[in-house]
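Everything on this sheet refers to the single structure shown next.
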Number of protein chains: 2
Amino acid sequence: MARVNELRLITRVAQMYHLEGRRQAEIAQHLRMSQATVSRMLKKAQEEEIVRTTIVAPSGTFPELEKGIREKFGLPEAIVVECAEDSPASIMARIGEAGAHFLEATLQSGEIIGVSSWSETILKMVDNIHPMSAGRVKYVVQTLGGMGNPSVQTHATQLTTRLARLTGAEPRLLSAPGVAPSREAKLVLLGDTYVRETMELFSKITLAIVGIGAIEPSSMLARSGNIFTPNELTEHTDAGAIGDMSLRFFDIDGNVVKTPLDDRVIGMPMEALAKVDRVIALAGGAAKTDAIRGALRTGTIDVLVTDEFTARRLLEAWNTTP
Amino acid sequence: MARVNELRLITRVAQMYHLEGRRQAEIAQHLRMSQATVSRMLKKAQEEEIVRTTIVAPSGTFPELEKGIREKFGLPEAIVVECAEDSPASIMARIGEAGAHFLEATLQSGEIIGVSSWSETILKMVDNIHPMSAGRVKYVVQTLGGMGNPSVQTHATQLTTRLARLTGAEPRLLSAPGVAPSREAKLVLLGDTYVRETMELFSKITLAIVGIGAIEPSSMLARSGNIFTPNELTEHTDAGAIGDMSLRFFDIDGNVVKTPLDDRVIGMPMEALAKVDRVIALAGGAAKTDAIRGALRTGTIDVLVTDEFTARRLLEAWNTTP
DNA sequence: CTAATCTGTGTATATTTATACACTAGTGAT
DNA sequence: ATCACTAGTGTATAAATATACACAGATTAG
């Protein structure tokens with residue numbers, strides 16, 4: 001009957017609280033009721049939708065896409081960046097910036113960062129990190145060996161070293177090739193104390209930064225400097241591999257794909273990555289879309305940083321097969 | 001430069017807080033930052049208008065009119081009720097309901113209520129009050145004497161008595177006419193112990209419920225049962241009186257108008273009313289608009305309960321002269 | 001009509017949020 | 001380069017808000 005009288009009072013309370021910014025106790029005193037009652041009225045105001053709270057996305061942000069990715073892939077966090085054009089260079093630049101900001105904003109003290117060094121996107125991220133005081137990060141651990149090609153080897157080492165310097169951490173390098181010529185060769189290389197010490201840190205990593213690679217002959221060959229024979233590539237694709245993180249391969253459903261090559265890789269295994277507290281993946285671009293899809297389904301990633309175009313592609317078709 | 005990255009994170013925090021209903025500490029843990037930072041981000045989200053809170057008025061309520069009246073008359077609270085038609089009967093019924101609800105919702109324990117008995121609107125309010133446990137209200141004090149006409153005298157007494165019974169309070173009646181035949185007669189009447197005891201309670205009243213009357217010959221005569229001579233009426237109107245509360249008169253600017261009649265009224269003086277903690281006025285209707293305007297300007301009213309039509313009229317022209 | 005249940009309230013208190021403070025690092029002027 | 005000033009952070013704690021509890025009145029079923 002007199003429900004309108006009750007709603008009127010609730011509306012007034014909501015107005016005083018939300019628009020006039022008064023404290024509940026103040027409102028309670030003004031209206032001669034207890035603070036508890038005011039609290040309950042405000043709750044009711046929400047329920048009755050007398051107060052409505054809306055979030056307006058600032059331009060350049062895509063909460064909807066992020067939400068879609070979080071929900072469809074069961075991801076704790078997703079970051080989608082605005083991008084002027086759907087080109088690898090533009091995408092990597094933006095993802096790098098966003099990744100760096102996120103890292104800085106959410107970095108805790110005493111962390112041990114693992115970084116896989118073969119990704120240009122990660123390089124862009126490191127470019128955007130501001131130097132911080134020493135001690136915040138304990139170690140920056142290289143989670144994948146360098147390249148056979150000595151110059152790229154250096155490149156990888158530099159990435160780790162630079163990130164370590166910027167974060168004020170001690171770098172822990174993996175002075176070995178990412179892919180050993182053979183199983184036997186790998187065992188020999190693991191005999192090195194320095195290498196072993198670094199690899200023992202893998203289980204201590206609290207934050208891993210990884211790139212995602214697509215198995216796609218041309219780029220793969222370019223990237224690896226012909227480490228893999230065409231035979232090895234076919235072996236992977238035949239087994240269904242669609243992409244890799246630090247040279248650990250998976251298919252479109254996120255299942256790990258193990259081939260003989262796996263035994264030759266000197267770096268963090270997928271199982272170890274899965275145990276890391278926080279795994280941040282940086283990747284975007286049309287060519288990588290399916291690889292990212294598979295990577296997300298491995299369940300090892302906690303935060304994906306990608307671009308708006310890739311985000312839309314990831315959401316478009318989300319059935320199992322591409 | 002990377003302001004968008006900051007805003008993106010803020011947006012995400014706002015989303016988790018406002019839409020997903022997560023606690024700040026939970027969000028802080030999720031994003032590896034301190035709860036304090038989350039709190040600050042939420043504040044910033046308000047400032048940047050990333051979160052917007054709107055109040056939607058339920059149908060039948062008029063927060064805008066109430067706000068207008070509060071602001072234009074410097075009133076702590078105003079209640080505007082919906083009314084199907086702009087007729088006295090309809091208006092009184094609705095105001096009565098709303099007044100009763102407000103009274104019940106905001107009544108504290110141990111109050112002493114003063115009630116002026118000549119208003120039909122107050123009668124309607126009392127009709128809508130639900131009986132409550134004894135002791136919540138200490139006394140219900142009649143603040144204005146009855147009428148010369150014995151039947152109406154009874155009416156007034158009954159109002160006070162009924163309100164007292166409903167609120168579980170002890171009634172304190174003023175068994176004297178509202179207007180004594182002369183100054184001298186008044187002094188005699190005040191000699192009565194019972195009357196004096198009630199009048200001594202005037203200063204203890206914590207909540208006064210008053211009606212507002214318009215000086216308008218026909219209704220006045222009808223109301224008063226010809227207590228006033230045409231002469232007395234002219235005296236009032238000549239002095240600028242536009243209305244009254246409990247037979248205490250004021251002009252359109254809210255200045256108290258004192259005439260010889262004032263000395264014959266047996267009831268609470270305006271000065272005493274002004275000292276009461278809370279004065280709730282119930283009044284509406286086209287004929288009373290100017291009287292209400294004046295009453296509000298006396299500065300003695302804390303809460304006005306009126307109807308939508310009168311509210312709009314009150315806001316329409318708000319210069320000094322009608 | 002009475003018992004049982006449900007609703008709403010204030011008090012006391014637990015939980016949650018905001019902020020004072022101390023400190024670090026960035027910025028700009030001298 | 002140095003110093004003052006600004007901006008931002010986490011910790012500790014004050015302030016504000018939500019709720020458990022006990023109780024009172026309303027409502028419903030028997």
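When reading the values below, keep in mind they use all heavy atoms of this one structure, side chains included, and skip hydrogens, waters and symmetry mates. Chain letters run A, B, ... following the sequence lines, proteins first and then strands; every chain starts at 1.
Atom CE of Met33(B) is separated from atom CD1 of Ile27(B) by 10.0 Å, given to the nearest 0.5 angstrom. Between Leu163(B) atom CG and Leu123(B) atom CG the span is 10.5 Å, to the nearest 0.5 Å. Taking CD from Glu66(A) and CG from Leu75(A), the interatomic distance works out to 10.5 Å, rounded to the nearest 0.5 Å.
The side-chain heavy atoms of Thr198(B) and Leu173(B), taken from C-beta on, include no pair separated by under 4.5 Å. Between Arg8(A) and Val81(B) there is a side-chain heavy-atom pair separated by less than 4.5 Å.
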- Task: Heavy atoms under 4.0 Å is the rule here; annotate nucleotides 1-15 of chain C 5' to 3' with B where the base is hit, S where only the sugar-phosphate is, and - elsewhere.
- Result: --------BBB----
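Distance OH (Tyr17(A)) to P (dT17(C)): 10 Å, rounded to an integer number of Å. dA7(D) atom P lies 21 Å from atom CE of Met132(A), rounded to whole Å. To the nearest angstrom, C1' of dG8(D) lies 12 Å from NE2 of His101(A). For the pair Gln24(B) CD and dT17(D) P, the computed distance is 12 Å after rounding to whole Å. The distance between atom CG of Leu42(B) and atom P of dT16(C), rounded to the nearest whole Å, is 15 Å. To the nearest angstrom, C1' of dG10(D) lies 18 Å from CD1 of Ile27(B).
Salt-bridge annotation for Lys67(A) and Glu64(A): absent, with no side-chain N of the basic residue lying under 4.0 Å from a carboxylate O of the acidic one. Salt bridge status for Arg12(B) with Glu20(B): present, with a side-chain N to carboxylate O gap under 4.0 Å.
Using a 4.0 Å cut-off, some side-chain N or O of Lys43(A) falls inside it from OP1 or OP2 of dT19(D).
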- Task: Report the secondary structure of DNA chain C in dot-bracket form, marking unpaired bases with a dot and bases paired to a different strand with |, and treating Watson-Crick or G-U pairs with both distances under 3.5 Å as paired.
- Result: ||||||||||||||||||||||||||||||
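Glu111(A) is linked by a side chain to side chain donor-acceptor pair (under 3.5 Å) to Thr206(A), Arg278(A), counting only residues two or more places apart in sequence or in another chain.
Note on Ser133(B): only backbone sugar-phosphate atoms sit closer than 4.0 angstrom, heavy atoms only; bases stay farther off.
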